[in-house]
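The next block holds one structure in the form of structure tokens; read it before the comments.
Owing to the predicted nature of the structure, the values given are computational and were not obtained by experimental measurement. The chains referred to below are lettered A, B, ... by the order of the sequence lines, with proteins before strands, and numbering in each begins at 1.
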Protein chains: 2
Amino acid sequence: MKPESRKQEIINAASILFKEKGYSAVTMRDLAKAMGIKAASLYNHIQSKQEILATIIIELAEEFTTGMNRIVNSEKSTIQKLENIIDLHIDVTLRNADGLASLNNDWMHLEEENLQYFEKMRQDYEENFRNIVQKGVDKSEIRSYNIEIMVFSTLSTLRTLYLWYPKQNDIDAAILKHDMMSVLLKGVV
Amino acid sequence: MKPESRKQEIINAASILFKEKGYSAVTMRDLAKAMGIKAASLYNHIQSKQEILATIIIELAEEFTTGMNRIVNSEKSTIQKLENIIDLHIDVTLRNADGLASLNNDWMHLEEENLQYFEKMRQDYEENFRNIVQKGVDKSEIRSYNIEIMVFSTLSTLRTLYLWYPKQNDIDAAILKHDMMSVLLKGVV
DNA sequence: GTCTATATGACGATAGAC
DNA sequence: GTCTATCGTCATATAGAC
């Protein structure tokens, strides 16, 4: 275990609570109680409740953006790119499943610049995904069903991994990746 | 247009607001403003904010339960049953996409009996789904990937339809059903 | 770094006039 | 059926002692 800063401990505790009840329903008193301190004491480590949410979401969104950019710029086949995207989602989910709940369900409570920044990253991510699938169809690497439905279907599954994976006790990450690729790609290839 | 009761108008307006910001972040004052009246006036038609949430969610959950029971008790092949489940989700989504946001994201804010009732229905639904897939694998009607992953993947996509379908302008319901079946089932059959 | 005390405002909901 | 006025509670956040 690396020693965690008090701020990071707060963010981790908040991620769990936000996952259970959502950002708006979690109070600073709830969070303080989970940390074993009083609400006022939280403000020695963080500036606001909003800052906690932004830290959780923006960090994760940037991970996805970085990962997707690397995949897009790689010289790989469409199938390999899709495999890398599945990999990316599974890796992030394993590392921070709790935070992904906020990214998926509470992004609309971000304020101003962070909201715009997040929405831009999400839009770019989806567009990159769509372009990869489209190019695969053009090159006859994958079947030509409705592109939107293929993109939507795959992304829905990957985005919901955070809800499902922590409930599976004894499934190995490597096996998960393999089976996930089979199920998601066999419908497409 | 059928004439709607004032209560139903409130529930419909609430469904839209809950979809946009989530149950906890929507105030009775927000809802009243959307209706063009004052917050206090809402209470002539509904008993509480909680009652609105419960009405939205329980009604939809019962639709899914009824539909699933009919499918389970039918004498059809596994493939046909899966097609019927996809049909069910698309039909409910077309009829009440806004309400499905609450069912998916705000069920944890239900209180007492309604929370238990909902959780029981959801658990039964997933178990019925899993049993249909399992039986299909046993009878070699569908491929034997990891059952949990197939169930999770399909259900994730169907449950997220409410987010995606309203954004697609000109896609016909029949075409949607057909392509959705292809994408979801070809990965399985 | 945590505490007590508190400022300031918003929340869900009710009472009673019209 | 809608209004104004208001109650009691809880929200985020700050000030300042220890």
Q. For the pair made of CD in A:Glu51 and C1' in D:dA13, what is the distance, rounded to whole Å?
A. 13 Å
(Q) Check the orientation of A:Phe18 and A:Tyr23. Use parallel for under 30°, tilted for 30 to 60°, and perpendicular for over 60°. (A) perpendicular
Q. Any chance the side chains of A:Thr27 and A:Asp30 put a donor and an acceptor closer than 3.5 Å?
A. yes
Q.
So that I know where these two stand, are B:Phe129 and B:His89 an aromatic pair - ring centroids less than 6.0 Å apart?
A. no
Q.
Just the rounded figure in Å: distance from P of D:dA11 to CD1 of A:Ile52.
A. 15 Å
When the side chains of residues 52-59 of chain B are checked against the rest of the protein, which donor-acceptor pairs come out under 3.5 Å, sequence neighbours left out?
from: B:Thr55; atom 1: OG1; to: B:Glu51; atom 2: O; distance (Å): 2.7

Q. Taking DNA chain C as the partner, which of residues 20-43 of chain A come within under 4.0 angstrom of it by heavy atom?
A. A:Ile37, A:Lys38, A:Ala40, A:Ser41
Q) Any chance the side chains of A:Glu62 and A:Tyr117 put a donor and an acceptor closer than 3.5 Å? A) yes
